[in-house]
Amino acid sequence: MSDSNLIDGRAIAAEVHESTGARVAALRERGVVPGLVFIRVGEDPASQVYVGMKERMSAKLGIQSTTHVLAGDAPEAELLALIEKLNADAAVHGILVQAPLPRHIDGARVYSAVAPGKDVDGFHPVNMGKLVLGDPSGFVPCTPAGVHELLVRSGVPVAGAEVVVLGRGNIVGKPLAALLMQKAPHADATVTVCHSRSRDIAAHCRRADILVAAMGVAEFVKADMVKKGAVVIDVGVNRVDDPAAPKGYRLVGDIDFAAIRPVAGRITPNPGGVGPMTIAMLLQNTVRSAEAATAARA
Ligand SMILES: NC(=O)c1ccc[n+]([C@@H]2O[C@H](COP(=O)([O-])OP(=O)(O)OC[C@H]3O[C@@H](n4cnc5c(N)ncnc54)[C@H](OP(=O)(O)O)[C@@H]3O)[C@@H](O)[C@H]2O)c1
């Protein structure tokens with residue numbers, strides 16, 4: 001089969017990085033180096049990988065990144081004190097506290113402690129509120145922003161489309177629904193959000209012009225749940241045991257990609273779809289923050 005119906009997240013992320021890189025260069029010419037700080041708590045292997053990828057891409061684009069690693073049993077107060085220090089540091093334009101946090105730490109309190117203007121992950125209640133209200137001055141969480149950007153740059157019509165989002169998590173499903181339902185260019189969709197209490201999810205899915213799976217359930221969406229020609233976006237990242245794989249497991253998405261691809265009009269590969277876009281939107285948010293701070297000082 002040709003690659004014609006694939007939405008290539010790596011290529012689209014590269015386009016976003018190119019424009020972000022140019023904005024970094026313009027800031028540097030004015031003596032401003034965009035600064036992004038990552039905070040990890042504990043040694044979660046997936047978090048190490050994710051932060052490592054973000055560090056490498058930051059360096060490539062000329063963004064100065066720094067990573068603070070706190071012990072897995074570090075008290076919440078230590079994390080909050082670090083955030084307070086970074087909030088006050090003019091060289092820091094973005095602060096990202098990598099999830100998951102250990103159980104003894106209250107994530108909501110931590111995300112609320114990041115200054116909204118440096119909350120490039122978009123999780124602060126002020127930024128979530130702005131998203132819901134349609135105020136573009138806030139930061140949109142990176143994965144939903146990346147899904148939206150994929151749709152727009154792939155020329156998928158969103159206005160008036162029936163969008164079904166599987167999952168109402170605070171990081172993906174909920175903010176994505178808010179983004180796509182806005183009365184705004186490249187939005188104006190009719191959005192249905194399904195979750196673990198939804199009845200007949202398959203029937204909802206079959207109505208979708210655009211189906212976004214963000215549940216964290218391996219290959220939940222089957223081919224008979226997809227309308228012919230629908231656009232299918234797979235956000236899920238799930239570990240499934242595979243004794244034949246070098247690490248004993250492999251990563252799969254929330255959709256049965258091989259079976260759905262012939263039915264779908266457009267479809268994201270996974271990996272290589274949403275993942276690269278999440279990083280691209282993070283770095284774009286960081287540069288926006290640096291530009292705003294520079295404009296405010298001028
Ligand atoms: N590619 C990326 O860059 C990226 C970034 C972030 C997340 N992800 C992935 O996206 C997925 C979702 O992440 P998240 O943080 O949004 O997860 P989450 O907060 O745990 O939310 C999962 C949602 O899926 C729903 N759900 C779970 N099982 C279900 C089932 N069997 N039937 C119907 N609904 C079900 C849950 O329903 P309830 O609300 O009723 O519990 C919940 O709303 C994960 O696989 C995660 O790894 C990928």
Side-chain angles (χ1 to χ4, degrees), residues 7-10 12-13 16-17 38 40 44-57 96-101 103 107-108 110-111 120-123 128 131 139-151 163-180 191-206 208 211-222 225-226 232-240 249-257 267-285:
I7 295 178
D8 185 344
R10 288 198 182 101
I12 295 174
V16 176
H17 286 314
F38 303 108
R40 273 203 293 111
D44 176 66
S47 295
Q48 291 177 9
V49 172
Y50 288 140
V51 170
M53 290 187 328
K54 292 168 192 171
E55 285 169 338
R56 283 191 293 281
M57 192 47 78
L96 183 148
V97 183
Q98 182 66 46
L101 289 168
R103 295 175 90 84
V110 168
Y111 295 122
V120 287
D121 237 353
F123 295 155
M128 284 285 188
L131 169 59
F139 291 115
V140 177
C142 304
T143 303
V147 169
H148 186 229
E149 195 73 18
L150 276 182
L151 294 171
V163 175
V164 174
V165 178
L166 301 180
R168 59 177 164 187
N170 287 338
I171 292 175
V172 190
K174 212 183 275 178
L176 179 63
L179 189 57
L180 297 179
V191 182
T192 302
V193 181
C194 297
H195 46 75
S196 66
R197 302 298 300 273
S198 298
R199 285 193 317 248
D200 202 350
I201 291 181
H204 287 292
C205 291
R206 281 186 213 107
L211 178 60
V212 184
M215 310 162 80
V217 182
E219 299 184 332
F220 177 93
V221 181
K222 307 294 181 200
M225 295 163 70
V226 176
V232 183
I233 309 287
D234 186 8
V235 182
V237 180
N238 309 290
R239 227 181 231 215
V240 294
Y249 67 86
R250 65 197 160 86
L251 297 178
V252 300
D254 283 0
I255 70 165
D256 182 354
F257 177 82
I267 188 167
T268 54
N270 191 349
V274 174
M277 291 303 292
T278 298
I279 299 181
M281 303 321 283
L282 169 72
L283 302 186
Q284 190 181 72
N285 279 350

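Both counts, for ligands and for their atoms, begin at 1 and track the order of listing. No hydrogens, no waters, no symmetry mates; every other heavy atom, side chains included, goes into these values.
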## Note on the structure
When every non-hydrogen atom of Asn285 is compared with those of Phe139, the smallest separation belongs to O-CE2, 3.3 Å
### Task
Provide, to 0.1 Å, the distance between atom 20 (O) of ligand 1 and the closest protein heavy atom, together with that atom's residue and name.
Met215 O, 4.8 Å
### Query
Less than 3.5 Å between some nitrogen or oxygen of Ser196 and one of ligand 1, yes or no?
yes
### Query
Which protein heavy atom lies closest to atom 28 (N) of ligand 1, and at what distance to 0.1 Å?
Val217 CG2, 3.3 Å
### Query
Hey, is atom 17 (O) of ligand 1 touched by any protein heavy atom at less than 4.0 Å?
no
### Message
With a 4.5 Å cut-off on side-chain heavy atoms, are Val212 and Val274 touching?
### Response
no
### Query
So do Leu176 and Val235 actually touch side chain to side chain, heavy atoms under 4.5 Å?
no
### Query
Val193 and Ser198: which non-hydrogen atoms are nearest, and at how many Å?
O-OG, 4.3 Å
### Message
My understanding is that we take every heavy atom of each candidate and find the minimum distance to atom 1 (N) of ligand 1. Doing that for Leu282, Leu251, Asn238, Val235, which one comes out nearest?
### Response
Val235
### Summary
Nearest non-hydrogen protein atom to atom 12 (C) of ligand 1, with distance, is Ala214 O, 3.4 Å
### Task
Can you see which heavy atom on Gly273 is nearest to which on Thr268, and at what distance?
CA-CB, 4.1 Å
### Query
Which pair of non-hydrogen atoms, one from Ala99 and one from Ser47, has the smallest distance, and what is that distance?
O-OG, 3.3 Å
### Message
Out of all atoms in ligand 1, which are within 4.0 Å of some heavy atom of Ile201? Include the element for each.
### Response
32 (N), 33 (C)
### Per-atom contacts, ligand 1 versus Gly167 - under 4.0 Å to a heavy atom
23 (C), 24 (O), 43 (O)
#### Entry: Minimal non-hydrogen separation, Asp254 against Ala213, with atom names
CB-CB, 3.6 Å
### Task
Provide, to 0.1 Å, the distance between atom 7 (C) of ligand 1 and the closest protein heavy atom, together with that atom's residue and name.
Val172 CG2, 3.7 Å
### Query
Do Met277 and Val147 pass the side chain to side chain contact (heavy atoms under 4.5 Å, CB included) test, and can you show the C-alpha distance, the side-chain angles, and the key distance before you say yes or no?
CA-CA 7 Å; Met277 291 303 292; Val147 169; over 6 Å; no
### Query
Is ligand 1 under 4.0 Å from a heavy atom in the side chain of Thr278, in the backbone, in both, or in neither?
side chain
### Query
For ligand 1, which atoms, with element, lie under 4.0 Å from some heavy atom of Arg168?
23 (C), 38 (P), 39 (O), 40 (O), 42 (C), 43 (O)
### Task
Please write down residue, atom name and distance for the protein heavy atom closest to atom 11 (C) of ligand 1.
Gly216 N, 3.6 Å
### Task
Could you tell me whether Val237 and ligand 1 have an N or O pair separated by under 3.5 Å?
yes
### Query
Do you know which two heavy atoms are closest between Arg10 and Pro271, and how far apart they sit?
NH2-CB, 4.1 Å
### Query
Of the listed options (Cys142, Gly275, Gly169, Pro141), which comes nearest to atom 21 (O) of ligand 1 when hydrogens are ignored and any heavy atom counts?
Gly169
### Task
May I ask you to test the Val232-Val221 pair for a side-chain heavy-atom distance under 4.5 Å?
no
### Query
Which residue supplies the protein heavy atom nearest to atom 5 (C) of ligand 1, what is that atom called, and how far is it?
Thr143 OG1, 3.2 Å
